[in-house]
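My structure is below; once you've seen it, I'll send some questions.
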Amino acid sequence: MKVIRMLAISGAMVAALVTGTAAPASADAFSSNAYGSVNFQSSGDYITLTHYTYDPYPGFYASYAEWYTDYGRTGICGDNIGGRIGCNEDVAEKRWITIRVCTRYGVFNQVTCGAWDTSRT
């Protein structure tokens with residue numbers, strides 16, 4: 001009985017390790033700052049930008065995503081003053097994309113950006 005229980009526990013551990021490493025969660029890139037976040041989903045080349053707070057006054061808080069690829073393409077996704085928007089960028093497969101979120105506040109304040117993160121496309 002003890003041997004059967006040990007085999008069952010070992011089997012469960014192996015199954016957990018295999019399913020845990022098979023998930024492609026690390027293939028997506030993510031960046032955030034205090035005001036927003038951006039996520040790149042490699043399936044569909046989709047960038048999702050979320051701005052955490054809504055500011056109805058033009059020129060105040062707004063977030064955007066900056067991105068570039070390893071083969072020279074660059075772009076910006078959105079200028080979002082609240083909520084979530086998406087951009088469908090058609091980037092080359094089996095290459096690399098690097099993204100980050102940035103937030104500006106007014107004309108005279110510095111832009112606040114999150115860290116760059118890179119993902120396989």
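Atom set for the values below is all heavy atoms of this structure, side chains included, hydrogens, waters and symmetry mates excluded. Bear in mind that the values here come from a model prediction, so they are computed numbers and not experimental data.
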Item to check | Thr103 side chain to Ser63 side chain, donor-acceptor N/O pair below 3.5 angstrom | outcome: yes

Checklist entry - Do the side chains of Val38 and Trp67 join up, straight or via other hydrophobic residues, at under 4.5 Å, putting them in one cluster? => result yes

Item to check | Heavy-atom pair of closest approach, residues Gly44 and Asn88 | outcome: O-OD1, 2.9 Å

Next on the checklist: Under a plain distance cut-off of 3.5 Å, with no hydrogens placed, do Thr48 and Asn39 share a side-chain donor-acceptor pair?
Outcome noted: no

Checklist entry - Judged by modelled atom types alone, do Thr118 and Thr98 share a side-chain donor-acceptor pair under 3.5 Å? => result yes

Next on the checklist: In the structure I gave you, are the side-chain heavy atoms of Thr112 and Tyr105 within less than 4.5 Å of one another anywhere?
Outcome noted: no

Checklist entry - Between Cys87 and Gly78, what is the shortest heavy-atom contact and its length? => result SG-N, 4.0 Å

Checklist outcome for this item: Of all heavy-atom pairs linking Ala62 and Asp79, the shortest is CB-OD1, 3.3 Å

Item to check | Heavy-atom side-chain contact between Cys113 and Val101 under 4.5 Å | outcome: no

Checklist entry - Does the side chain of Arg84 come within less than 4.5 Å of Leu49's, by heavy atoms? => result no

Checklist entry - Considering residues, nucleotides and ligands other than Arg73, do more than 12 of their heavy atoms fall under 6.0 Å from its CZ? => result yes

Next on the checklist: In terms of relative ring orientation, are His51 and Tyr61 parallel, tilted or perpendicular, with 30° and 60° separating the classes?
Outcome noted: tilted

Next on the checklist: Walk me through whether Asn109 and Arg104 qualify under side chain to side chain contact (heavy atoms under 4.5 Å, CB included).
Outcome noted: CA-CA 7 Å; Asn109 298 317; Arg104 63 174 167 71; over 6 Å; no

Item to check | Residue pair Cys77 / Tyr64, side-chain heavy-atom distance below 4.5 Å | outcome: no

Item to check | Listed once per pair and sorted, the salt bridge (charged side-chain N to carboxylate O under 4.0 Å, His left out) pairs that draw on residues 63-72, sequence neighbours left out | outcome: Glu66-Arg100, Asp70-Arg95

Item to check | Non-hydrogen side-chain atoms of Val111 and Cys102 separated by less than 4.5 Å | outcome: yes

Checklist entry - Do Trp96 and Tyr68 have ring centroids that are under 6.0 Å from one another? => result no

Checklist entry - Can Phe40 be reached from Ile85 by stepping across I, L, V, M, F, W or Y side chains whose heavy atoms are under 4.5 Å apart? => result yes

Checklist outcome for this item: Here the pair of heavy atoms bringing Tyr52 nearest to Ser37 is OH-CB, 3.2 Å

Item to check | Nearest heavy atoms of Asp28 and Ser42, plus distance in Å | outcome: OD1-N, 3.4 Å

Item to check | Ala115 backbone acceptor or donor facing Ser31 side chain under 3.5 Å | outcome: yes

Checklist entry - Below 4.5 Å, heavy atoms only, C-beta onward: do Asp45 and Glu93 meet side chain to side chain? => result yes

